[in-house]
Amino acid sequence: MNSLNILLLVLTLLFSSPSHATMDPDSIYDSFLQCRNLSSDVVYSSTANTSAYTTVLQAKRKSDYVQTVIPESGITSIFNKLVELGRVGFVFNPYGGKMYEIAADATPFPHRAGNLYKIQYSVNWNDPDPELEANYLNQSRVMYEFMTPFVSKNPRGAFLNYRDLDIGVMSGDGKNSYSEGEVYGEKYFMGNFERLVKIKTAVDPDNFFRNEQSIPTLAGKTSGKSRKMK
């Protein structure tokens with residue numbers, strides 16, 4: 001994908017995103033990096049040299065949805081945990097308004113009425129040291145676990161644009177794609193997941209086009225043709 005196509009994709013994602021009104025330059029830049037590195041849970045860039053950014057950036061993103069008001073005591077405990085961990089960024093993206101007027105099943109994106117805001121957990125770092133990377137990734141996971149009492153449940157919702165392999169992956173040749181895909185798919189797409197699976201099965205029954213978190217196919221619906229990823 002060339003730079004122009006990447007830019008066009010980022011702009012498309014930006015202005016079609018339900019949270020575009022709250023996006024700042026950092027969010028746009030993160031989206032650009034994610035488009036360049038779709039095959040990795042951790043985003044890497046060694047060419048970020050602009051007037052605003054001159055750094056080698058590595059990044060991790062996670063997400064949550066909040067459906068009930070977090071009490072003052074909860075807010076206090078959250079900020080204390082952020083200070084304790086020391087590296088995790090934390091952003092509330094408010095929902096509501098026009099978002100609530102669109103039915104949850106009108107588009108694949110399901111997180112509409114009932115969600116007060118989305119949470120973005122972020123960790124950025126510059127040092128390539130594997131031990132530091134492991135530490136920073138662990139911090140993001142610890143914070144995510146800490147937030148369990150305050151966020152959506154059954155399933156715990158997630159925002160697709162913040163690629164997060166921690167919540168499940170499709171492994172190997174995709175033979176167990178449905179059982180594996182259901183784990184992360186319901187978090188990203190909620191009640192729309194099954195419809196997306198049916199569409200995927202109809203147009204790509206062999207699950208040829210796949211990645212770690214693509215829409216899976218239904219078992220026993222293959223075309224009978226064996227194809228391998230190269």
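Because only heavy atoms are used, hydrogens play no part in the values below, and waters and symmetry mates are left out as well, while side chains stay in. FYI, the numbering just counts along the sequence from 1. Keep in mind that this is a model prediction, so the values were computed, not measured.
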A.B. asks: I'd like to check the side chain to side chain contact (heavy atoms under 4.5 Å, CB included) partners of Ala202; sequence neighbours left out, ordered by chain and number.
C.D. replies: none
A.B. asks: For residues 91-109, which residue pairs pass the salt bridge (Lys or Arg N to Asp or Glu O under 4.0 Å) check, not counting sequence neighbours?
C.D. replies: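 Counting only pairs at least two positions apart or across chains, the salt bridge (Lys or Arg N to Asp or Glu O under 4.0 Å) contacts touching residues 91-109 are Lys98-Glu101.
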A.B. asks: Relative to each other, are the rings of Phe159 and Tyr65 parallel, tilted or perpendicular (30° and 60° limits)?
C.D. replies: perpendicular
A.B. asks: Would you give the length of the straight line joining atom CZ of Arg61 to atom CG of Asn161, rounded to the nearest 0.5 angstrom?
C.D. replies: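 Between Arg61 CZ and Asn161 CG, I get 12.5 Å after rounding to 0.5 Å.
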A.B. asks: Which residues satisfy the side chain to side chain donor-acceptor pair (under 3.5 Å) test with Gln213, sequence neighbours excluded?
C.D. replies: Tyr188
A.B. asks: Under the criterion side-chain contact (heavy atoms from CB on, under 4.5 Å), I'd like the reasoning laid out for His111 against Leu160: C-alpha separation, chi angles, the key distance, then a yes or no.
C.D. replies: CA-CA 11 Å; His111 308 291; Leu160 179 64; over 6 Å; no
A.B. asks: List the atom of Tyr178, the atom of Thr217, and the distance in Å for their closest heavy-atom pair.
C.D. replies: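 Nearest heavy atoms, Tyr178 then Thr217: CB-O, 3.4 Å.
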A.B. asks: Using side chain to side chain donor-acceptor pair (under 3.5 Å) as the criterion, list what pairs up with Ser171, not counting sequence neighbours.
C.D. replies: Glu180
A.B. asks: With clusters defined by side-chain heavy atoms of hydrophobic residues (ILVMFWY) lying less than 4.5 Å apart, directly or transitively, does Tyr162 cluster with Tyr95?
C.D. replies: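 Shared cluster, yes.
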A.B. asks: Would you indicate whether the side-chain heavy atoms of Met99 and Phe109 approach each other to under 4.5 Å?
C.D. replies: yes
A.B. asks: Looking at Pro216, is its backbone amide N or carbonyl O close enough to the side chain of Asn207 to form a donor-acceptor pair, meaning the two atoms are under 3.5 Å apart?
C.D. replies: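 Absent.
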A.B. asks: Residues in side chain to side chain donor-acceptor pair (under 3.5 Å) with Tyr121, at least two apart?
C.D. replies: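 Here the qualifying residues are Asp64.
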A.B. asks: Taking atom NZ of Lys60 and atom CG of Asn138, what is their separation to the nearest 0.5 Å?
C.D. replies: 11.5 Å
A.B. asks: Mind listing the closest non-hydrogen atom pair of Asp127 and Gln58 along with its distance?
C.D. replies: O-NE2, 3.7 Å
A.B. asks: I'd like to check Asp164 versus Tyr184 (side-chain heavy atoms, cut-off strictly below 4.5 Å). Are they in contact?
C.D. replies: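 A side-chain contact under 4.5 Å is absent here.
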A.B. asks: Is there a path of hydrophobic side-chain contacts, each under 4.5 Å between heavy atoms, that joins Met170 and Ile167?
C.D. replies: yes
A.B. asks: Find the distance between CZ (Phe90) and CD (Gln120) and round it off to the nearest 0.5 Å.
C.D. replies: 10.5 Å
A.B. asks: In this structure, which one of Leu196, Leu218, Asp206, Ile215 forms a side chain to side chain contact (heavy atoms under 4.5 Å, CB included) with Thr201?
C.D. replies: Leu218
A.B. asks: Can you give the donor-acceptor pairs under 3.5 Å from side chains of residues 142-152 to other protein atoms, not counting sequence neighbours?
C.D. replies:
from: Tyr144; atom 1: OH; to: Arg156; atom 2: NE; distance (Å): 3.4
from: Thr148; atom 1: OG1; to: Glu145; atom 2: O; distance (Å): 2.7
from: Thr148; atom 1: OG1; to: Arg156; atom 2: NH1; distance (Å): 3.0
from: Ser152; atom 1: OG; to: Gly157; atom 2: N; distance (Å): 2.9

A.B. asks: Any salt bridge (Lys or Arg N to Asp or Glu O under 4.0 Å) pairs touching residues 184-197, not counting sequence neighbours?
C.D. replies: none
A.B. asks: If the condition is side chain to side chain contact (heavy atoms under 4.5 Å, CB included), which residues does Val183 pass it with, not counting sequence neighbours?
C.D. replies: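 With neighbours one apart ignored, the set is empty.
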A.B. asks: Which residues pass the ring-ring contact (aromatic ring centres under 6.0 Å, His included) test with Tyr100, sequence neighbours left out?
C.D. replies: none
A.B. asks: Minimum heavy-atom separation for Asn124 to Ala59, with atom names?
C.D. replies: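 Closest pair (atom of Asn124, atom of Ala59, distance): OD1-CB, 3.4 Å.
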A.B. asks: Side-chain heavy atoms nearer than 4.5 Å, only ILVMFWY residues, links allowed to pass through others: does that put Val91 and Leu85 together?
C.D. replies: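 Not linked; separate clusters.
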A.B. asks: Under a 4.5 Å cut-off applied to non-hydrogen side-chain atoms, are Val123 and Lys62 in contact?
C.D. replies: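 They are not in contact (no side-chain heavy atoms under 4.5 Å apart), so the answer is no.
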A.B. asks: How close do Pro110 and Met190 get, heavy atom to heavy atom, and via which atoms?
C.D. replies: CG-CG, 3.4 Å
A.B. asks: Would you please name every residue forming a side chain to side chain donor-acceptor pair (under 3.5 Å) with Lys81, sequence neighbours left out?
C.D. replies: Glu84
A.B. asks: For residues 66-79, run the donor-acceptor check on the side chains, cut-off 3.5 Å, and write out each pair with its distance to 0.1 Å, sequence neighbours left out.
C.D. replies:
from: Gln67; atom 1: NE2; to: Asn115; atom 2: OD1; distance (Å): 3.2
from: Thr76; atom 1: OG1; to: Glu72; atom 2: O; distance (Å): 3.0
from: Ser77; atom 1: OG; to: Gly74; atom 2: O; distance (Å): 2.7

A.B. asks: Taking only residues two or more places apart in sequence or in another chain, which ones pass ring-ring contact (aromatic ring centres under 6.0 Å, His included) with Tyr136?
C.D. replies: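 For Tyr136, the residues satisfying ring-ring contact (aromatic ring centres under 6.0 Å, His included) (neighbours in sequence not counted) are Trp125.
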